[in-house]
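Read through the structure below, which is laid out as C-alpha coordinates, and then see the notes.
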Amino acid sequence: MTPLDPSLFKKAHSALSYSYSPYSRFPVSCCIKTASGQYYSGANVENASYSLCLCAEAVAIGHMVHEGEQKIAEIFIIGTGDALCTPCGACRQRIREFASDDALIHIGDPKGHRATFTLAELLPHSFGPHNLEQPHD
Ligand code: THU
(Lines give C-alpha, C1' and ligand atoms only; values in the text may rest on other atoms or scores of the structure.)
Protein backbone atom coordinates (compact mmCIF):
# COMPACT_ATOMS: atom_id res chain seq x y z
CA MET A 1 0.00 0.00 0.00
CA THR A 2 1.26 3.52 -0.76
CA PRO A 3 2.45 5.41 2.32
CA LEU A 4 0.04 7.86 3.92
CA ASP A 5 0.42 11.39 2.56
CA PRO A 6 1.71 13.46 5.52
CA SER A 7 -0.04 16.59 4.17
CA LEU A 8 -3.40 14.96 4.80
CA PHE A 9 -2.76 14.73 8.54
CA LYS A 10 -1.17 18.20 8.70
CA LYS A 11 -4.08 19.87 6.92
CA ALA A 12 -6.71 17.96 8.92
CA HIS A 13 -4.88 18.90 12.11
CA SER A 14 -4.75 22.61 11.24
CA ALA A 15 -8.51 22.56 10.59
CA LEU A 16 -9.18 21.36 14.15
CA SER A 17 -8.67 24.90 15.47
CA TYR A 18 -11.66 26.07 13.40
CA SER A 19 -14.08 23.64 15.06
CA TYR A 20 -17.10 25.40 16.58
CA SER A 21 -18.18 22.82 19.15
CA PRO A 22 -19.27 24.64 22.34
CA TYR A 23 -22.08 22.14 23.06
CA SER A 24 -20.42 18.75 22.66
CA ARG A 25 -16.90 20.04 23.36
CA PHE A 26 -15.90 17.36 20.87
CA PRO A 27 -13.91 19.00 18.07
CA VAL A 28 -13.65 16.99 14.86
CA SER A 29 -11.83 17.94 11.69
CA CYS A 30 -10.92 16.31 8.44
CA CYS A 31 -9.12 16.79 5.17
CA ILE A 32 -10.14 15.33 1.82
CA LYS A 33 -7.62 14.58 -0.92
CA THR A 34 -9.32 14.48 -4.31
CA ALA A 35 -8.45 12.30 -7.29
CA SER A 36 -6.77 15.36 -8.84
CA GLY A 37 -4.56 15.84 -5.77
CA GLN A 38 -6.28 18.87 -4.25
CA TYR A 39 -7.00 19.19 -0.51
CA TYR A 40 -10.19 20.41 1.17
CA SER A 41 -10.56 20.56 4.92
CA GLY A 42 -13.40 21.20 7.35
CA ALA A 43 -14.33 21.10 11.02
CA ASN A 44 -17.61 20.54 12.83
CA VAL A 45 -19.94 23.53 13.22
CA GLU A 46 -22.51 23.17 15.99
CA ASN A 47 -25.71 25.10 16.66
CA ALA A 48 -27.80 25.91 19.74
CA SER A 49 -30.56 24.06 17.92
CA TYR A 50 -28.62 20.81 18.20
CA SER A 51 -30.06 18.98 15.20
CA LEU A 52 -28.57 21.66 12.93
CA CYS A 53 -24.98 20.71 13.82
CA LEU A 54 -22.75 20.10 10.83
CA CYS A 55 -20.19 17.33 10.93
CA ALA A 56 -16.63 18.06 9.84
CA GLU A 57 -17.03 15.77 6.82
CA ALA A 58 -20.12 17.67 5.62
CA VAL A 59 -18.23 20.96 5.83
CA ALA A 60 -15.22 19.59 3.93
CA ILE A 61 -17.42 18.02 1.24
CA GLY A 62 -19.27 21.33 0.79
CA HIS A 63 -15.91 23.06 0.51
CA MET A 64 -14.75 20.54 -2.14
CA VAL A 65 -17.92 20.71 -4.24
CA HIS A 66 -17.95 24.49 -4.06
CA GLU A 67 -14.46 24.49 -5.60
CA GLY A 68 -15.62 22.34 -8.51
CA GLU A 69 -14.24 18.95 -7.37
CA GLN A 70 -16.33 15.82 -6.91
CA LYS A 71 -14.01 12.83 -6.44
CA ILE A 72 -12.74 11.88 -2.99
CA ALA A 73 -9.66 9.64 -3.11
CA GLU A 74 -8.82 9.76 0.61
CA ILE A 75 -10.04 11.49 3.73
CA PHE A 76 -8.27 11.92 7.08
CA ILE A 77 -10.56 12.45 10.09
CA ILE A 78 -9.33 13.65 13.48
CA GLY A 79 -11.17 13.39 16.79
CA THR A 80 -10.20 12.87 20.40
CA GLY A 81 -10.86 10.10 22.93
CA ASP A 82 -9.93 6.44 23.25
CA ALA A 83 -12.45 5.24 20.68
CA LEU A 84 -11.56 5.70 17.02
CA CYS A 85 -13.37 8.75 15.62
CA THR A 86 -14.82 6.94 12.62
CA PRO A 87 -17.34 8.89 10.54
CA CYS A 88 -20.97 8.75 11.70
CA GLY A 89 -23.47 6.85 9.59
CA ALA A 90 -24.74 9.95 7.83
CA CYS A 91 -21.20 11.02 6.93
CA ARG A 92 -20.36 7.57 5.57
CA GLN A 93 -23.25 8.10 3.16
CA ARG A 94 -22.10 11.68 2.41
CA ILE A 95 -18.61 10.38 1.56
CA ARG A 96 -20.16 7.59 -0.55
CA GLU A 97 -21.74 10.15 -2.84
CA PHE A 98 -18.28 11.29 -3.98
CA ALA A 99 -16.08 8.23 -3.42
CA SER A 100 -15.69 4.69 -4.66
CA ASP A 101 -15.61 1.57 -2.51
CA ASP A 102 -11.80 1.60 -2.41
CA ALA A 103 -11.48 5.21 -1.17
CA LEU A 104 -9.32 5.34 1.95
CA ILE A 105 -10.69 6.67 5.23
CA HIS A 106 -7.88 7.42 7.68
CA ILE A 107 -8.72 7.96 11.33
CA GLY A 108 -6.49 9.77 13.77
CA ASP A 109 -6.24 11.96 16.81
CA PRO A 110 -4.28 15.17 17.35
CA LYS A 111 -1.12 13.08 17.77
CA GLY A 112 -1.37 11.29 14.42
CA HIS A 113 -2.70 8.36 12.44
CA ARG A 114 -4.45 5.43 14.17
CA ALA A 115 -6.28 3.35 11.55
CA THR A 116 -7.26 3.16 7.90
CA PHE A 117 -10.39 1.62 6.38
CA THR A 118 -11.80 1.49 2.89
CA LEU A 119 -15.21 3.03 2.35
CA ALA A 120 -16.57 -0.45 1.57
CA GLU A 121 -15.44 -1.63 5.01
CA LEU A 122 -17.31 1.19 6.74
CA LEU A 123 -20.35 1.19 4.45
CA PRO A 124 -20.78 -2.22 2.80
CA HIS A 125 -23.43 -2.81 0.15
CA SER A 126 -24.06 0.90 -0.02
CA PHE A 127 -26.83 2.73 -1.80
CA GLY A 128 -25.36 5.38 -4.08
CA PRO A 129 -25.57 7.26 -7.35
CA HIS A 130 -25.35 3.97 -9.31
CA ASN A 131 -28.76 2.99 -7.95
CA LEU A 132 -30.34 5.94 -9.73
CA GLU A 133 -28.65 5.48 -13.08
CA GLN A 134 -31.48 3.44 -14.62
CA PRO A 135 -34.20 5.37 -16.38
CA HIS A 136 -37.38 5.83 -14.38
CA ASP A 137 -40.84 4.87 -15.60
N1 THU B 1 -18.99 14.72 14.44
C2 THU B 1 -18.36 14.97 13.26
O3 THU B 1 -17.99 16.12 12.97
N4 THU B 1 -18.17 13.94 12.41
C5 THU B 1 -18.56 12.66 12.65
O6 THU B 1 -18.46 11.82 11.77
C7 THU B 1 -19.03 12.29 13.98
C8 THU B 1 -19.47 13.42 14.83
C9 THU B 1 -19.25 15.85 15.34
C10 THU B 1 -20.70 16.27 15.37
C11 THU B 1 -20.78 16.97 16.70
O12 THU B 1 -20.41 18.34 16.51
C13 THU B 1 -19.72 16.29 17.55
O14 THU B 1 -18.91 15.54 16.66
C15 THU B 1 -20.29 15.36 18.60
O16 THU B 1 -21.17 14.45 18.03
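Numbers for residues simply follow the sequence, beginning at 1. In each ligand, atom 1 is the first atom listed, and ligand 1 is the first ligand listed.
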Open item on the list: More than 12 heavy atoms of other residues, nucleotides or ligands under 6.0 Å from NZ of Lys10: yes or no?
Closed with: no
TODO: Please write down residue, atom name and distance for the protein heavy atom closest to atom 9 (C) of ligand 1.
DONE: Asn44 ND2, 3.6 Å
TODO: Please work out whether any backbone atom (N, CA, C, O) or any side-chain heavy atom from C-beta onward of Ser24 is under 4.0 Å from ligand 1, and answer side chain, backbone, both or neither.
DONE: side chain
Open item on the list: For the NE2 atom on His66, are there more than 12 heavy atoms of other groups (residues, nucleotides or ligands in this structure) within a distance under 6.0 Å?
Closed with: no
Task: Side chains of Ile72 and Ile61 in contact at under 4.5 Å (non-hydrogen atoms) - done: yes
Task: Is_contact(atom 4 (N) of ligand 1), protein non-hydrogen, under 4.0 Å - done: yes
Task: Pro87 touching ligand 1 at heavy-atom level, < 4.0 angstrom - done: yes
TODO: For Glu57, take its heavy atoms, then give the atoms of ligand 1 lying under 4.0 Å from any of them.
DONE: 2 (C), 3 (O), 4 (N), 5 (C), 6 (O)
- [ ] Distance to 0.1 Å, residue and atom name: give those for the protein heavy atom nearest to atom 11 (C) of ligand 1.
- [x] Glu46 OE2, 3.3 Å
Task: Greater than 12 external heavy atoms within 6.0 Å of Tyr50's OH - done: no
TODO: Check Ile107, Ile105, Ile77 against Thr86 for a side-chain contact (heavy atoms from CB on, under 4.5 Å) and give me the one that passes.
DONE: Ile107
Open item on the list: Side chain or backbone, does Leu54 bring an N or O within less than 3.5 Å of an N or O on ligand 1?
Closed with: no
- [ ] Starting from atom 8 (C) of ligand 1, locate the nearest protein heavy atom and write down its residue, its atom name and how far away it is, to 0.1 Å.
- [x] Cys55 SG, 4.0 Å
TODO: Flag the pair Val59 / Tyr40 as yes when at least one side-chain heavy-atom distance between them is below 4.5 Å, and no otherwise.
DONE: no
Open item on the list: I want to know if ligand 1 touches Ala56 in the polar sense, i.e. an N/O pair below 3.5 angstrom.
Closed with: yes
- [ ] Could you check if a side-chain atom of Ser100 sits within less than 4.5 angstrom of a side-chain atom of Lys71, using non-hydrogen atoms only?
- [x] yes
